2 protein chains.
Amino acid sequence: MRSDGLAALSMRDLGARVGMKAQSLYSYFPSKHAIHDAMFRQGYEEFLAAIDTVDVAVDVADARAEAVRTAEIFFDFCTADSARYQLLFQRSIPGFAPSPEAYAVAVAAYERTVGRLRRYGIERQDHLDLWTATMTGLVSQQLANDPGGRRWRDLLEPAVVMLLDHTRKDPT
Amino acid sequence: MRSDGLAALSMRDLGARVGMKAQSLYSYFPSKHAIHDAMFRQGYEEFLAAIDTVDVAVDVADARAEAVRTAEIFFDFCTADSARYQLLFQRSIPGFAPSPEAYAVAVAAYERTVGRLRRYGIERQDHLDLWTATMTGLVSQQLANDPGGRRWRDLLEPAVVMLLDHTRKDPT
DNA sequence: GTCTATATTCTGATAGAC
DNA sequence: GTCTATCAGAATATAGAC
């Protein structure tokens with residue numbers, strides 16, 4: 001999927017990759033949808049693990065540096081695997097809807113992110129929405145126009161500073 | 001395509017929509033790829049037309065209001081047709097590459113956009129990149145999480161103000 | 001210019017032998 | 001748990017009648 005996109009992988013291709021016939025995969029998953037669902041869940045579990053690698057700064061004055069680090073973790077997580085990014089954040093498999101089980105992991109990941117942004121003073125819904133829009137925008141521009149490069153990745157720090165300035169300037 | 005996504009439309013479906021058998025379409029286009037290419041080109045022509053609906057403010061002091069209007073035009077153009085948005089700005093048809101002819105229209109559209117942003121003081125490449133990333137981020141969040149709604153659309157004005165502030169504060 | 005008929009290849013999925 | 005054999009239907013595309 002990483003090379004050819006989300007929808008490009010057939011059961012036959014997948015079977016060949018893991019050294020099996022396609023039919024044998026049905027001993028592990030009842031349908032292709034179930035495989036997508038497992039990938040969705042696993043992706044969000046990986047996301048939770050990635051978020052937790054941010055060293056939490058004890059000093060509040062370091063909030064800005066920590067915010068940049070949080071943004072970098074998110075950006076690198078997304079650009080490291082564009083198929084995973086599409087699956088988790090762009091809902092781009094036609095007809096795919098995660099199971100309640102898998103969706104619960106996604107909700108947990110969102111709440112973990114919100115909790116982290118709150119530490120940087122980003123609490124209001126509109127500020128959260130502007131943060132996520134900016135971050136996903138940087139990621140998708142990077143993936144679409146400079147895959148493997150750093151053109152938008154280098155804009156992360158100015159973007160975070162800009163967002164924090166905006167949040168501070170625009171209180172409740 | 002608007003209802004089911006870019007990759008979902010087959011030649012059979014398309015033929016049925018226009019009251020033909022799929023095979024008859026080959027009298028008009030030599031392949032499905034050629035149809036995608038025509039749509040790509042037409043989409044960028046529509047984009048050029050949309051950009052030109054922005055009333056150009058004579059007074060430079062109105063740059064901010066005009067910038068907001070430019071952003072709104074872009075946002076509304078994208079969210080009005082998510083399939084077109086994917087085709088033009090997310091290159092999401094696997095294996096599709098526009099012909100040189102169609103690509104030239106896309107380049108013209110990009111240059112028109114850059115020319116407009118220059119009027120608002122956005123000239124440096126990094127400032128342009130941050131603008132486009134923020135705008136496409138707002139659009140894709142709107143499409144993915146609140147289709148048909150206004151949750152991210154209402155963030156356009158604060159986002160433009162934030163971007164212009166950042167640009168002014170960060171000169172060459 | 002549109003049709004029928006068809007070629008070819010691919011898809012997800014099932015049945016049943018071993 | 002993996003295989004062969006197979007199904008039923010989808011896909012893009014071509015040939016040729018009218």
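Each chain gets a letter, A, B and so on, in the order the sequences are listed, and its residues count up from 1. Predicted, not measured: the structure shown is a model, and the values here were computed from it. Basis for what follows: all heavy atoms, side chains included, without hydrogens, waters or symmetry-related copies.
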Near-ring test B:Tyr44/B:Phe89, centroid separation under 6.0 angstrom: yes
Heavy-atom donor-acceptor pair, A:Trp152 side chain to B:Asp129 backbone, under 3.5 Å: yes
Interface residues of residues 11-21 of chain A with DNA chain C (non-hydrogen, below 4.0 angstrom): A:Met11, A:Arg12
Under-4.0 Å salt bridge between A:Arg69 and A:Glu72: yes
Side chain to side chain donor-acceptor pair (under 3.5 Å) partners of A:Thr136, counting only residues at least two apart: B:Gln141
salt_bridge(B:Asp52, B:Arg112) N-O dist < 4.0 Å: yes
Span of DNA chain C in contact with chain A (heavy atoms, under 4.0 Å): C:dT11 to C:dT14
Donor-acceptor pair between A:Asp170 and A:His127 side chains, under 3.5 angstrom: yes
Output side-chain donor-acceptor pairs under 3.5 Å for residues 31-40 of chain B, partner residues at least two apart or in another chain, one line each.
| residue | atom | partner | partner atom | Å |
| --- | --- | --- | --- | --- |
| B:Ser31 | OG | B:His33 | N | 3.4 |
| B:Ser31 | OG | B:Ala34 | N | 3.2 |
| B:Lys32 | NZ | B:Leu9 | O | 2.8 |
| B:His33 | NE2 | B:Ala97 | O | 3.3 |
| B:Asp37 | OD1 | B:Ser99 | N | 2.8 |
| B:Asp37 | OD1 | B:Ser99 | OG | 3.3 |
| B:Asp37 | OD2 | B:Ser99 | OG | 2.7 |

Under 3.5 Å, side-chain donor or acceptor atoms of residues 74-82 of chain B against the rest of the protein: list the pairs with distances, not counting sequence neighbours.
| residue | atom | partner | partner atom | Å |
| --- | --- | --- | --- | --- |
| B:Asp76 | OD1 | B:Arg153 | NH1 | 2.6 |
| B:Asp76 | OD2 | B:Arg153 | NH1 | 2.4 |
| B:Thr79 | OG1 | B:Phe75 | O | 3.0 |
| B:Asp81 | OD1 | B:Ala83 | N | 3.3 |
| B:Asp81 | OD1 | B:Arg84 | N | 3.1 |
| B:Asp81 | OD2 | B:Arg2 | NE | 2.7 |
| B:Asp81 | OD2 | B:Arg2 | NH2 | 3.0 |

Contact list for DNA chain C against residues 24-39 of chain A - heavy-atom distance below 4.0 Å: A:Tyr26, A:Ser31, A:Lys32
Ion pair check, A:Asp165 and B:Lys169, cut-off under 4.0 Å: yes
Cationic N near anionic O, under 4.0 Å, A:Arg41 to A:Glu46: no
